[in-house]
Number of protein chains: 2
Amino acid sequence: MRDLSEAVGIRPGSLYSHISSKEHLLLGIVETGITSFIDAIRPVVDEDLPAEEKLREALRAHMRVLDGQVEQTRVTFHQWQYLGPVNRPKALAVREEWESLFTRIVADGIASGEFRPREHFRLTVLMIAGILGSATEWYRPSGRSSPEEIADAIHDQIVGGLTSG
Amino acid sequence: MRDLSEAVGIRPGSLYSHISSKEHLLLGIVETGITSFIDAIRPVVDEDLPAEEKLREALRAHMRVLDGQVEQTRVTFHQWQYLGPVNRPKALAVREEWESLFTRIVADGIASGEFRPREHFRLTVLMIAGILGSATEWYRPSGRSSPEEIADAIHDQIVGGLTSG
DNA sequence: CCTACCGATCGGTAGG
DNA sequence: CCTACCGATCGGTAGG
């Protein structure tokens, strides 16, 4: 909180006329962080597109948002676990809403026959979420690959695998 | 450190006749943690097997080690970032050694023609690492799926993708 | 391994 | 938004 107050140019104690507690501030960062991903991806999910295209556009939307807020996303994806028993469930609820968007894309794709049926279908979603979560760590906005290039490489890997394409 | 001392049944200050500092203790946990994965996976990489089989066995080895030490692995994969500038590079070096095992499997598979060539080949390794890192969060040893089942589902997804198999 | 303690830092508040 | 401060907790040490 001292670092924070210095960054915004006020005294440590004065922060508390803007926020109610350190933890509530963290919750806010996490909630608005995930919400920005949800807002970017949901329109894609609602579109009338083949599942494969939907997944590609959803991944692109994700990477574009990440590109614009890497630091907040690092907090969003990894620091919610330090919330207390009152606020952690709130953060988890929003996170599950985000995950459910990918669940819908994959489930619809299987239902329509575009994707092959999978025994551990929930695992596929966990893997996509895991890849995007880890991308938060290694993605650099200043890197040589654009958000879209990275998104398409992820898409290609998830859809085509190592053998086909 | 107070929690820790209580858990082992000695006074807080007495910990320091066993360890030199809190951070050095963390480094030890991280280093031995990753090393146990490396030790389990390296023999597989050195075997004479098709790349696809190598990847399957490496993933199984990983999930078996994870199954035996979930808590230590959570520290290993996520808490090394809290090490200072002196010790973080040491932890990163071991982590990169772990990652390099998967790099070799994928690179060999591409070289032998078993896997299709990929533009962003390093990305594939980052995705595998990301999936295994996230598995640390959702894997439950008491769950209905064995380590091998999970490993094979991950293998199936990475190799076959969503469409072929 | 214990007793006793240190200085630093933490989130947060009272009163203006 | 500031001054001034609180009690709690932190990693760690001296001396036995």
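A note on names: the letters A, B, ... follow the listed sequences, proteins ahead of strands, and every chain is numbered from 1.
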Does the protein touch nucleotides 10-16 of chain C at the base, only the backbone, or not at all? Give it as B, S and - per nucleotide, heavy atoms under 4.0 Å. BBBB---
Enumerate the side chain to side chain donor-acceptor pair (under 3.5 Å) contacts for residues 12-22 of chain B, please, sequence neighbours excluded, ordered by first and then second residue. none
With heavy-atom distances below 4.5 Å as the criterion, would you say the side chains of B:Val159 and B:Glu114 are in contact? no
Polar side-chain atom of B:Ser146 near backbone of B:Glu149 as donor-acceptor pair, under 3.5 Å: yes
Ion pair A:Arg64/A:Glu148, N-O distance below 4.0 Å: yes
Could you summarise the pairing of DNA chain C as dot-bracket text, marking Watson-Crick and G-U pairs under 3.5 Å with ( ) or [ ] inside the strand and | across strands? ||||||||||||||||
Tell me if the aromatic rings of B:Phe121 and B:Phe115 count as close, with their centers under 6.0 Å from one another. no
Would you call A:Glu99-A:Arg95 a salt bridge at under 4.0 Å N-O? yes
Classify the ring geometry between A:His62 and A:Trp98 as parallel (under 30°), tilted (30 to 60°) or perpendicular (over 60°). tilted
Indicate, with a heavy-atom threshold strictly under 4.0 Å, whether B:His18 touches base, sugar-phosphate, or nothing. sugar-phosphate
State whether A:Glu6 and A:Arg11 are salt-bridged, where the test is any N-O pair (Lys NZ or Arg NE/NH1/NH2 against Asp/Glu carboxylate O) under 4.0 Å. no
Ignoring the backbone of B:Arg11, work out which of C:dC1, C:dT3, D:dC2 is nearest its side chain. C:dT3
